[in-house]
Protein chains: 2
Amino acid sequence: MGGFRGLRLMDTHPASSADGARVVRRAISLLREVSAARGNGATLKMLADSAGLPQPTAHRLLKVLQAEGLLERDAASRAYRLGSLLYEFGLAAVPRVDARRLCAGTLERITRAVGDTTYLNSRSGNDALCLDRREGSFEIHALPIEIGNRRPLGVGAGALAVLASLPSTEADAVIEANARRYRRHGLTAERIRIYVEATRARGFAITSGRIVAQYRGVAIAVGNGIGGVPASLAVVAIAERLDPRRVEQVARILIREEKSLREVLAIAPAGPTESPVP
Amino acid sequence: MGGFRGLRLMDTHPASSADGARVVRRAISLLREVSAARGNGATLKMLADSAGLPQPTAHRLLKVLQAEGLLERDAASRAYRLGSLLYEFGLAAVPRVDARRLCAGTLERITRAVGDTTYLNSRSGNDALCLDRREGSFEIHALPIEIGNRRPLGVGAGALAVLASLPSTEADAVIEANARRYRRHGLTAERIRIYVEATRARGFAITSGRIVAQYRGVAIAVGNGIGGVPASLAVVAIAERLDPRRVEQVARILIREEKSLREVLAIAPAGPTESPVP
DNA sequence: CCCGGAATTCCACCATGTGAAATTCAACAT
DNA sequence: ATGTTGAATTTCACATGGTGGAATTCCGGG
């Protein structure tokens with residue numbers, strides 16, 4: 001296949017086995033970017049950009065993914081979104097341990113206690129993934145994070161709590177890998193590192209409307225994760241509903257719920273068999 | 001990239017746009033094969049075989065897919081299964097119209113009425129996909145079809161009903177494309193064509209333990225499909241519980257439920273926007 | 001009508017993916 | 001123990017399938 005002439009743009013996965021299929025990795029990288037896109041999906045430009053691919057290359061791959069049903073495309077906006085085949089694969093891919101089910105009660109209790117929207121996040125590669133959500137009585141307007149949405153670990157309260165719960169060396173690697181992506185959120189790797197430190201010192205994460213202005217989040221990491229996968233519980237509300245005093249209250253509730261969740265998880269079975277290639 | 005010397009083995013997707021990424025298509029084809037595998041997953045041999053790829057090629061692609069988290073591998077049996085990243089994508093890929101939700105009541109009512117296991121199937125490419133299931137009081141032992149499992153359209157009652165509901169030209173194309181796969185189920189394209197004819201004449205599908213001996217299924221297609229996607233309702237039981245007289249009863253129930261389901265669907269919104277590439 | 005940015009198509013080029021063949025590994029029988 | 005069979009894995013010389021800069025088309029706004 002083709003050569004490349006210009007400067008090297010790619011390398012979305014810096015530390016990956018050399019041999020294999022570059023194209024396949026690129027295609028998957030595009031899928032990840034599409035599933036990271038919030039709201040109405042992502043345009044070719046955005047995707048090519050964030051996957052670090054030249055536009056024509058991205059275009060070609062996206063076309064194949066669409067033809068195969070992994071992606072769909074909005075006729076009007078030309079934006080790509082995940083396709084029905086991925087939904088179908090999702091049905092067949094039963095998770096080793098079902099985090100959503102295990103945490104359903106916890107989420108519900110927190111939401112009832114605080115009245116605001118509650119999130120369950122988990123780590124997925126360099127991303128935080130929104131696994132589940134309970135809407136509080138005080139609705140968040142302005143596109144909230146949906147179930148299945150991704151963003152770089154560290155961006156947002158829930159994602160920050162997950163990142164801070166990783167071993168230092170691993171957290172550093174993630175921050176490094178995400179450096180470029182932070183910029184699109186008006187952040188830098190350096191700043192994230194500071195946040196992580198603060199989160200570790202404090203024991204839980206707080207964010208102040210960096211992503212969507214006017215919103216604030218409080219989040220706590222779940223013990224050693226769920227089935228070995230790092231995870232967090234988060235509460236998000238408009239900033240004025242989360243003054244320092246109330247942050248304190250919410251944090252107390254989160255700490256309590258995390259503790260009892262950890263006990264439940266201690267009984268549940270262990271992690272996967274051989275997921276990452278040796 | 002590489003040339004090929006031996007005879008042409010591939011062509012899982014006979015009618016697909018020439019230009020693009022062959023590798024990507026092959027990789028996706030492998031994913032489909034993995035998700036078609038029942039029970040404990042699929043071995044390299046099986047996958048290479050059914051995807052029509054030389055073993056080393058399949059091996060290389062599977063390794064990448066595993067490294068990226070789309071596949072996992074059982075340490076002991078070396079068998080591949082769908083990975084957690086696909087589950088995660090599935091969360092984000094909200095279906096245009098939620099067939100499972102729309103048919104939940106129907107499935108429950110049928111199961112209660114007949115006492116045996118009931119399935120909701122839909123078409124996905126050349127496959128029938130098990131979208132949902134309700135266990136009857138008379139359990140099916142011997143690995144039943146799980147939610148998310150696939151098999152070639154035409155193999156099994158539910159899959160046959162879906163196939164027979166397609167326009168003749170389309171059904172023929174599907175049968176043609178699946179010819180090789182039928183053989184692995186002890187069937188032939190010719191025989192499937194006969195079954196389709198019989199199903200159309202009868203108005204519903206019956207199968208007699210072709211797949212798993214001793215079992216029998218009765219199935220009916222759902223009007224014009226669900227959100228434009230062809231689908232079926234099926235009841236499966238051990239053969240002795242489905243003698244001709246009882247088949248008649250079950251069919252009556254299916255016909256009644258299909259009718260009322262069709263009315264519910266008439267209110268629900270329409271199909272996708274621009275899924276298959278022009 | 002014309003402009004700017006995004007989407008799409010072209011196409012010369014060669015690095016990348018290919019697959020037959022050889023090697024290792026695992027399970028089972030002798 | 002030792003051979004035997006079949007699957008999994010690695011190797012490597014080769015030429016084709018993928019590449020991406022440049023050119024073209026499309027679309028929305030002024």
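Every chain is numbered from 1 and lettered A, B, ... according to where its sequence line falls, protein lines coming before strand lines.
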Length of the [atom1]-[atom2] vector between [X] and [N], whole Å:
X: Arg25(B); N: dG17(C); atom1: CZ; atom2: C1'; answer: 15 Å
X: Arg22(B); N: dG17(C); atom1: CZ; atom2: P; answer: 11 Å
X: Leu47(B); N: dT9(D); atom1: CG; atom2: P; answer: 12 Å
X: Gln55(B); N: dG19(C); atom1: CD; atom2: C1'; answer: 11 Å
X: His59(A); N: dT24(D); atom1: NE2; atom2: P; answer: 18 Å
X: Leu44(B); N: dT24(C); atom1: CG; atom2: P; answer: 19 Å
X: Leu65(A); N: dG18(D); atom1: CG; atom2: P; answer: 13 Å
X: Leu71(A); N: dA7(C); atom1: CG; atom2: P; answer: 14 Å

For this session: By nearest nucleotide on DNA chain C, pick out whichever of Lys45(A) and Leu61(B) is the more 5' one.
Result: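 The residue whose closest nucleotide sits nearer the 5' end is Lys45(A).
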Exercise. Can Ser124(B) and Arg150(B) be counted as having a side-chain donor-acceptor contact under 3.5 angstrom?
Worked result: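 Ser124(B) vs Arg150(B): donor-acceptor pair found between side chains.
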For this session: For Asp74(B) and Ser77(B), test the side chains for any donor-to-acceptor distance below 3.5 angstrom and give the result as yes or no.
Result: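 Per modelled atom types, Asp74(B) and Ser77(B) side chains form a pair under 3.5 Å.
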Ignoring backbone atoms, test whether [X] places a side-chain nitrogen or oxygen under 4.0 Å from the OP1 or OP2 oxygen of [N].
X: Thr57(B); N: dG19(C); answer: yes
X: Arg60(A); N: dT19(D); answer: yes
X: Lys63(A); N: dT9(C); answer: yes
X: Arg78(A); N: dT8(C); answer: yes
X: Arg73(B); N: dT9(D); answer: yes
X: Arg26(B); N: dT18(C); answer: yes

Exercise. Side chains of Leu47(B) and Thr43(B): closer than 4.5 Å at any heavy-atom pair?
Worked result: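 Side chain of Leu47(B) against side chain of Thr43(B), heavy atoms only: no contact under 4.5 Å found.
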Exercise. Quick one: are Leu129(B) and Asn121(B) in side-chain contact, heavy atoms under 4.5 Å?
Worked result: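 The answer is no, as the side chains (C-beta and beyond) never meet within the 4.5 Å cut-off.
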Exercise. Counting heavy atoms not belonging to Asn224(A), are there more than 12 under 6.0 Å from its CG?
Worked result: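 Open: at most 12 neighbouring heavy atoms sit under 6.0 Å from CG of Asn224(A).
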Exercise. Looking at the side chain of Pro54(A), which of dG17(D), dA7(C), dG21(D) is the nearest nucleotide?
Worked result: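 Of the candidates, dG21(D) comes closest.
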Problem set entry | Most 5' of Pro56(A) and Tyr80(B) on DNA chain D, judged by nearest nucleotide |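 The residue whose closest nucleotide sits nearer the 5' end is Tyr80(B).
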